A.B. asks: 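Before I ask anything, let me first share the structure, which is written out below as structure tokens.
Quick note on labels: first sequence line is chain A, next is B, and so on, each numbered from 1. None of these values were measured; they are calculated from a predicted model. Atoms considered below: every heavy atom in the structure, side chains included; atoms not considered: hydrogens, waters and symmetry mates.
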Protein chains: 2
Amino acid sequence: MGRWEPDARGRMTAAAMELYAERGFDQTTAGDIAERAGVTERTFFRHFTDKREVLFNGAEALENTVRETILTAAPEVSALEAALAGLHVCAALIDERRDFAVRRAQIIEATPSLRERELLKLARLAEVAAAALGGRGVPETAALLAAHSAVTVFNLSFWHWVRTGGTFAGHFTDTAAALRSMT
Amino acid sequence: MGRWEPDARGRMTAAAMELYAERGFDQTTAGDIAERAGVTERTFFRHFTDKREVLFNGAEALENTVRETILTAAPEVSALEAALAGLHVCAALIDERRDFAVRRAQIIEATPSLRERELLKLARLAEVAAAALGGRGVPETAALLAAHSAVTVFNLSFWHWVRTGGTFAGHFTDTAAALRSMT
DNA sequence: GTGTCGATGTCAGTCACTGACATGGGGAGA
DNA sequence: TCTCCCCATGTCAGTGACTGACATCGACAC
């Protein structure tokens with residue numbers, strides 16, 4: 001691929017995480033990140049649409065996981081349970097990288113504009129889940145409700161996990177149970 | 001208040017809505033808005049923290065409505081029903097200004113960065129609702145789940161209302177019913 | 001009539017992001 | 001092994017969002 005030092009993208013991601021954690025998102029310029037990664041500011045913006053996106057690389061992988069898990073769920077499974085299953089697999093994946101996830105979460109928590117971007121990614125995840133449910137024949141409104149509910153469980157249990165420890169998947173299971181017994 | 005033409009804020013909001021609708025958010029500069037409103041770009045940024053915020057003036061009013069409705073709900077009402085009641089009142093308020101709401105929704109829909117901001121406002125609304133439920137003695141996880149679920153109902157029925165007509169409150173009631181029967 | 005105060009104007013600066021064009025090394029094919 | 005092409009990167013100049021510091025001006029109190 002590249003012909004200079006390989007994995008420019010990975011170096012930029014690492015540099016950004018370091019700098020955001022060291023001095024904060026607002027005090028870090030795109031040029032700072034590029035410099036630490038040994039590339040040009042222009043190259044940074046060729047890889048990432050903006051300064052925030054560098055923290056949201058894994059989003060597409062999660063979307064694929066959700067989509068495929070929902071689509072391959074047994075046909076008799078309800079919309080809500082299929083959506084929960086999809087997000088539960090995501091939680092289990094993230095469980096494997098607690099260290100990274102926590103550092104990233106702390107950076108996001110400290111910066112409103114990053115929280116904003118995170119909400120957009122979660123909304124996209126819900127849309128993907130809803131579309132997958134649609135592919136199972138679930139009517140639109142039911143699909144959207146189930147998808148957004150599952151993403152809410154995902155989001156709430158994520159932050160609970162970051163703050164309290166344990167396993168993400170475990171918190172997810174607990175929160176899902178609370179949701180089922182809510183009505 | 002001001003000593004020049006009064007209601008600079010209102011003029012800027014109106015100008016921004018016009019320009020965003022006419023030529024799009026990205027093709028509108030803060031200077032354009034200020035000029036049409038008869039003020040300076042600097043004045044625009046004194047009233048609004050950024051170019052997007054101009055479309056989200058009513059957010060605080062909604063938050064107050066949600067908070068007070070939840071806090072004054074009958075004590076025997078469940079967390080979910082209290083949260084739904086709070087958001088239902090908001091829906092009824094917005095029903096009174098369909099024209100404005102639809103124009104605003106079309107602008108937001110056309111611009112990803114505005115969708116992002118809208119999600120942040122909805123998240124804040126959910127946090128306010130959850131805090132109000134906390135004030136009623138609801139445990140944290142249950143409060144967060146109920147609040148976010150109600151906001152999801154609000155959001156989904158809002159877009160359904162924008163696209164199909166009818167009343168926002170009516171769509172809200174239907175979607176809330178679908179949520180209750182989901183589990 | 002004078003002084004204070006808050007909203008506004010002015011100005012200069014930083015930085016996110018973009019388009020256009022140049023470059024250089026690696027790999028496919030001769 | 002040489003050559004040509006491609007693509008990731010570098011270079012450069014520009015636009016526009018936002019900010020801080022300071023000047024101003026009109027309403028209102030006294």
A.B. asks: Apply salt bridge (charged side-chain N to carboxylate O under 4.0 Å, His left out) to A/E118 and A/R52, showing your working.
C.D. replies: CA-CA 9 Å; A/E118 193 198 22; A/R52 303 176 222 169; over 6 Å; no
A.B. asks: How long is the line joining CG of B/L19 and P of D/dG16, in whole Å?
C.D. replies: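 To the nearest whole Å, that distance equals 14 Å.
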A.B. asks: Look at the side-chain N and O atoms of A/T40 and state whether any lies under 4.0 Å from the OP1 or OP2 oxygen of D/dG10.
C.D. replies: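 Result: yes.
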A.B. asks: Can you give me the closest heavy-atom contact between B/S149 and A/L179, atom names plus distance?
C.D. replies: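 So the minimum-distance heavy-atom pair works out to OG-CD1, 4.2 Å.
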A.B. asks: Between P on D/dT9 and CD on A/E35, what's the gap in Å once rounded to a whole number?
C.D. replies: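 To the nearest whole Å, that distance equals 17 Å.
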A.B. asks: Where do A/V66 and A/A129 come nearest, in terms of heavy atoms and distance?
C.D. replies: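 Result for this residue pair: CG1-CB, 3.7 Å.
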A.B. asks: Between A/T152 and A/N155, is there a side-chain donor-acceptor contact under 3.5 Å, judged purely by atom types and distance?
C.D. replies: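 No - no donor-acceptor pair under 3.5 Å links their side chains.
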A.B. asks: At under 4.0 Å, does any side-chain N or O of B/H47 touch on OP1 or OP2 of C/dA7?
C.D. replies: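 The answer is no; no side-chain N or O of B/H47 sits under 4.0 Å from OP1 or OP2.
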A.B. asks: Looking at A/D95 and A/A169, would you say the former's side chain and the latter's main chain have a donor-acceptor pair under 3.5 Å?
C.D. replies: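 Yes; at least one donor-acceptor contact below 3.5 Å.
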A.B. asks: Residues two or more places apart in sequence or in another chain: which of them pass ring-ring contact (aromatic ring centres under 6.0 Å, His included) with B/F56?
C.D. replies: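 Listed in chain order: nothing, the list is empty.
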A.B. asks: Using a cut-off of 4.0 Å between protein heavy atoms and nucleotide atoms, how would you tag nucleotides 14-21 of chain C 5' to 3' with B, S and -?
C.D. replies: -SSBBBB-
